[in-house]
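Presented below is the structure to which this report refers.
Numbering of ligands and ligand atoms starts at 1, following listing order.
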Amino acid sequence: MNGWKRQRHNTVGTVTPAIQLREVTKRYGKGPQAVLALDRVSADITRGTFTAVMGPSGSGKSTLLHCAAGLDRPTTGSIRLGSTELVRLKEAPLTRLRRSSMGFVFQAFNLVPSLTVEQNITLPLRLQGRRAERAWLGEIVARVGLTDRLNHVPSQLSGGQQQRVAIARALVNRPEVIFADEPTGSLDPGTAGDIIGLLRQAVTDMHQTVVMVTHDPVAAAHADAAVFLANGHIVSGMASPTVERVTAAMAGLRGAA
Ligand code: ADP
């Protein structure tokens, strides 16, 4: 292990963080029924890196992602996107910030069924009253391999193609960070590999920052770093994860649970 357990602030890399979490606690419910989903979690996510968030079921992965993305509010603690403190923002500016500066890829794709591929991809821009630059749209559509599908609707696409639409939609804003929640959870292994490859390219070729919750060691092995959660704590971190090391770390966490 590389000392993550003992660090007060977990840091992936050395440059300015895209996201900074400090002492983030999330409690659901009150009194004896309360669940402490996150317990004073601190972490830095470096710009231009791909981070996998892993841990047993119920360890707090989704809660961490949702809080970091401003989809849920922590009970206490600080979450910064660049220099902006999310926990102080009211709902409307937080929604605007999500639309302008974050991209999302979910397990269930979350496309709008009645919109075409192109309309789904450009939706984050239209919600901000902006138009897509044709050259940029053409580039991302080509990158995800959907150039000949722009006028289809989601029901005419395979799961893998739908997730490509979601990735293009996440990229269209040139966001500060892309959050991916089990992006390969609904896909067969071959298609999953293609989707992880696209997220990897977004980081390597387009200098995006990706934070991905996954339970899949094969997916995590494409990341630059993995962080492991257990019982609402970050218990360890791993640079340059491999399938074998991630599998062993997960087995250790399950054994300890
Ligand atoms: P993971 O994504 O690692 O499976 P979650 O973040 O979903 O874990 O959940 C962490 C803990 O918080 C679990 O004990 C879960 O039951 C609890 N939890 C999550 N969401 C809620 C909620 N809306 N209300 C009450 N408890 C919740």
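Residue contact annotation: G29 has no non-hydrogen atom under 4.0 Å from ligand 1. Residue-ligand proximity: G60 is placed with a non-hydrogen atom under 4.0 Å from ligand 1.
Ranking protein heavy atoms by distance to atom 7 (O) of ligand 1, first place goes to S62 CB, 3.8 Å. At the top of the distance list for atom 16 (O) of ligand 1, counting protein heavy atoms only, stands V35 CG1, 4.9 Å. For atom 3 (O) of ligand 1, the nearest protein heavy atom (residue, atom name, distance) is K61 NZ, 2.8 Å. For atom 27 (C) of ligand 1, the closest heavy atom belonging to the protein is Y28 CD1, 3.3 Å. For atom 1 (P) of ligand 1, the closest heavy atom belonging to the protein is G58 N, 3.5 Å.
Ionic pairing of R80 and E176 is not present here: no N-O contact between side-chain nitrogen and carboxylate oxygen is shorter than 4.0 angstrom. The pair D205-R143 meets the salt-bridge criterion, with a side-chain N (NZ, NE, NH1 or NH2) lying under 4.0 Å from an Asp/Glu carboxylate O. Between E91 and R73, at least one side-chain nitrogen of the basic residue sits less than 4.0 Å from a carboxylate oxygen of the acidic one, meeting the salt-bridge criterion.
Each of the atoms 3 (O) of ligand 1 lies under 4.0 Å from some heavy atom of P56. Taking every heavy atom of S59 and a limit of under 4.0 angstrom, the matching atoms of ligand 1 come to 1 (P), 3 (O), 8 (O). Atoms of ligand 1 lying under 4.0 Å from at least one heavy atom of T63, given by number and element, are 5 (P), 6 (O), 9 (O). Against a heavy-atom cut-off of under 4.0 Å, A37 is close to the following atoms of ligand 1: 10 (C), 11 (C), 12 (O). Listed by number with element, the atoms of ligand 1 under 4.0 angstrom from any heavy atom of S57 are 4 (O).
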Open item on the list: Evaluate D194 against Q163 for side chain to side chain donor-acceptor pair (under 3.5 Å), listing each step before the verdict.
Closed with: CA-CA 10 Å; D194 296 341; Q163 202 59 310; over 6 Å; no

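A donor-acceptor contact closer than 3.5 angstrom links the side chains of S78 and E85. If you check the side chains of T191 and D188, you find a donor sitting under 3.5 Å from an acceptor.
When each of I79, L21, L38, L86 is checked for a side chain to side chain contact (heavy atoms under 4.5 Å, CB included) with P74, only I79 meets the rule.
Side chain of K61 to backbone of P56: a donor-acceptor contact under 3.5 angstrom is found.
Other residues, nucleotides and ligands place more than 12 heavy atoms under 6.0 Å from the CZ atom of R149.
Within a 4.0 Å radius of atom 20 (N) of ligand 1, the protein contributes one or more non-hydrogen atoms.
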